[in-house]
Amino acid sequence: MNNFKNLRGTVDLFPNQLIKWQNVEKILIDQLSRASIKEIRTPILEMTELFIRGIGEGTDVVSKEMYTFLDRGERSCTLRPEGTASVARALIQNGISSKPLQKLWYMGPMFRYERPQAGRQRQFHQLGVEFVGYEAVRSDIEIIALAWDILGKLGIKELNLEINTLGDLNDRLNFQKSFLEWLEINKDSLDVDSQKRINKNPLRILDSKNVHTKKILENAPRLFDFLSEKSLERYLVLKKQLKFLKIPYIENFNLVRGLDYYTHTAFEITSGSLGSQATVCGGGRYDNLIKQMGGKETPAIGFAIGLERLILLAGKELEAERQTDIYIVNKGLNAELLAMNLSRKLRKYDLLVELDVTGASFSKQFKKANKLKSKSIIVVGDEEASNNEFVIRLFNKDNSETKEETISVENDIKLEKWIKNNLFLK
RNA sequence: GCGGGCGUCGCCAAGUGGUUAAGGCAGCGGCUUGUGGCGCCGCUAUUCGGGGGUUCGAAUCCCCUCGCUCGCCCCA
């Protein structure tokens, strides 16, 4: 209350919550590496200009959501709001943007200054995948299938894939010309937000959720009708191949996505169980970005998955905590020394071993072991210590008769045998 | 930036103007320094997000403010 608080839109994650995070991350990384995709790490902090140029000045992200500040050298810095621009920058800077066949992933925090709500935070986390140098439609398919399968691997059901095509730069310019003419005529019928976008970012008007505007837009020229033959063909092949892979999709001609750099394929995966922030994965092709940022002409496609939303969707079975295998109850000077050594020895095995270092009474230590639902306990007291031995006992769930054994400290063979019989083979 | 809902202990909560602010969980201590989940006993909010006001009297009513939350816009 009068003390420090975390900043709005940020969260603390505690061990019990992180079990799920760690499990999800493990599955993700495993799936990515099986698809031969390699990790890349770029700074969280970048020059502000990178995002303005990369994402586009008229976008919501750039115009109102960035965490931007001046550093001590008066440089304008920004906490990254997304990952693609940074990856593009890193590749160009290191002279490898034109080297084809880069399949990369990254995972980490992103920052956008917005009002938090369910499934939305100011600091959030994304897993991003970028295929750089790939032009073929099959790379689009590979990207979409990968995203689709990763979500499936996590046991997430009831997902919807929406796709659209934005054409290439020329298609877009042609469309924009006639769309702007139409907008000029129908300007007064649009909602205020959309009117503002006419000069800044006209394409985004297509995406308006305003019911009235939506209705009017039904009579507007369609980007789809301005696609070149080549672009159209590309899109048809995409749909055909998705069908072949039995990945269900919905066409959404109003799906333009918020960032300027997209070309051709744009897609989103949503889930109805997420509330109003339904998008768990968004992505698309960005053939012009790298050139526009100063690199060589390099086609590319990628997607990003929101980890918070993913965690929300992932099943409860990923929350299970690892059970303690052995809890070491110990009291008395020599006993405590013996117990310390024993715990070090036991951690050579793949066991979760907890050494009680409270010095509390035996009964307290026992209660703790029970509370943790430890599979077994080791007891070392003065008596055992003086004989250079310890007692190991299996905890039974039903509190019935227990299996107990006294083992000499030197007798590693007997200890190992006991562990194998009682803890490994279950 | 704009709407709706909500702020009582670490968590879940009762209390809706009358003087000591229920209860449960968790935590700590004890019964019980050396041996099993149970049980029983005790401890843990001079104060109800903060500030001001009304009143003899406020957690309860009013105003302001802060925070959380859900939605809008947009996105992961």
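Proteins come first, then strands; the chains are lettered A, B, ... in the order of their sequence lines, and each starts at number 1.
- When heavy atoms are screened at a 4.0 angstrom cut-off, A/Thr279 is found touching base atoms of the nucleic acid.
- Ring planes of A/Phe395 and A/Phe366: tilted class, angle from 30 to 60°.
- The nearest pair of heavy atoms linking A/Glu130 to A/Val87 is CG-CG1, 4.3 Å.
- Residue contacts for A/Gly332: at a heavy-atom cut-off of 4.0 Å it reaches no nucleic acid atom on any strand shown.
- Residue-level contact check: A/Glu308 touches neither bases nor backbone, having no heavy atom under 4.0 Å from any strand.
- Toward the 5' end of RNA chain B, the nearer of the two residues A/Pro116 and A/Gln121, judged by each one's closest nucleotide, is A/Pro116.
- With B/G39, B/C73, B/G34 as the choices, the nucleotide that has an atom nearest any side-chain atom of A/Arg120 turns out to be B/C73.
- We find that CD of A/Gln365 is positioned 14 Å from C1' of B/G36, with the value rounded to whole Å.
- A/Lys371 comes within 4.0 angstrom of sugar-phosphate atoms only, judged by non-hydrogen atoms across all strands, and of no base.
- Across the strands present, B/A58 finds no partner; the criterion is a Watson-Crick or G-U wobble pair with both atom distances under 3.5 angstrom.
- Side-chain contact of A/Tyr261 with A/Gln292: a donor-acceptor pair under 3.5 Å is absent, judged by distance alone.
- Note: CG (A/Asn254) to P (B/C74) measures 11 Å, nearest angstrom.
- When heavy atoms are screened at a 4.0 angstrom cut-off, A/Gln123 is found touching no nucleic acid atom at all.
- Searching all strands for a Watson-Crick or G-U wobble partner of B/G3 with both distances below 3.5 Å returns B/C70.
- No side-chain donor-acceptor contact under 3.5 Å links A/Arg285 and A/Thr165.
- Atom P of nucleotide B/A76 and atom CZ of A/Phe124 are separated by 7 Å, given to the nearest angstrom.
- Checking B/C31 for Watson-Crick or G-U wobble geometry (two distances, each under 3.5 Å) identifies B/G39 as its partner.
- Backbone-only engagement by A/Arg257 is indicated by non-hydrogen atom pairs under 4.0 Å involving sugar-phosphate atoms exclusively.
- With a 4.5 Å cut-off on side-chain heavy atoms, A/Leu127 and A/Ile29 do not count as touching.
- As the counterpart of B/U46, no nucleotide is assigned, since no Watson-Crick or G-U wobble pattern has both distances under 3.5 Å.
- Nucleic acid contact for A/Glu82: none, since no nucleic acid atom lies under 4.0 Å from a heavy atom of the residue.
- Nucleic acid contact class of A/Val379 (heavy atoms, under 4.0 Å, all strands): base.
- Considering only side-chain atoms of A/Arg197, the nucleotide from B/G34, B/C75, B/C74 that sits closest is B/C74.
- Where A/Lys331 and A/His125 meet RNA chain B, the nucleotide closest to each residue was compared, and A/Lys331 sits on the side nearer the 5' end.
- With both pairing distances under 3.5 Å, B/C11 is matched to B/G24 as a Watson-Crick or G-U wobble pair.
- Rounded to whole Å, the separation between the C1' atoms of B/G7 and B/U60 comes to 14 Å.
- At least one test fails for A/Arg172 against the ring of A/Phe226: distance under 6.0 Å to the centre or angle within 45° of the axis.
- The side-chain ring of A/Phe366 is not stacked on the base of B/G36, judged by centre separation under 5.5 angstrom and plane angle under 30 degrees.
- Using a 4.0 Å heavy-atom cutoff across all strands shown, A/Gly381 reaches at least one base atom of the nucleic acid.
- Atom NZ of A/Lys375 and atom C1' of B/G36 are 18 Å apart (whole Å).
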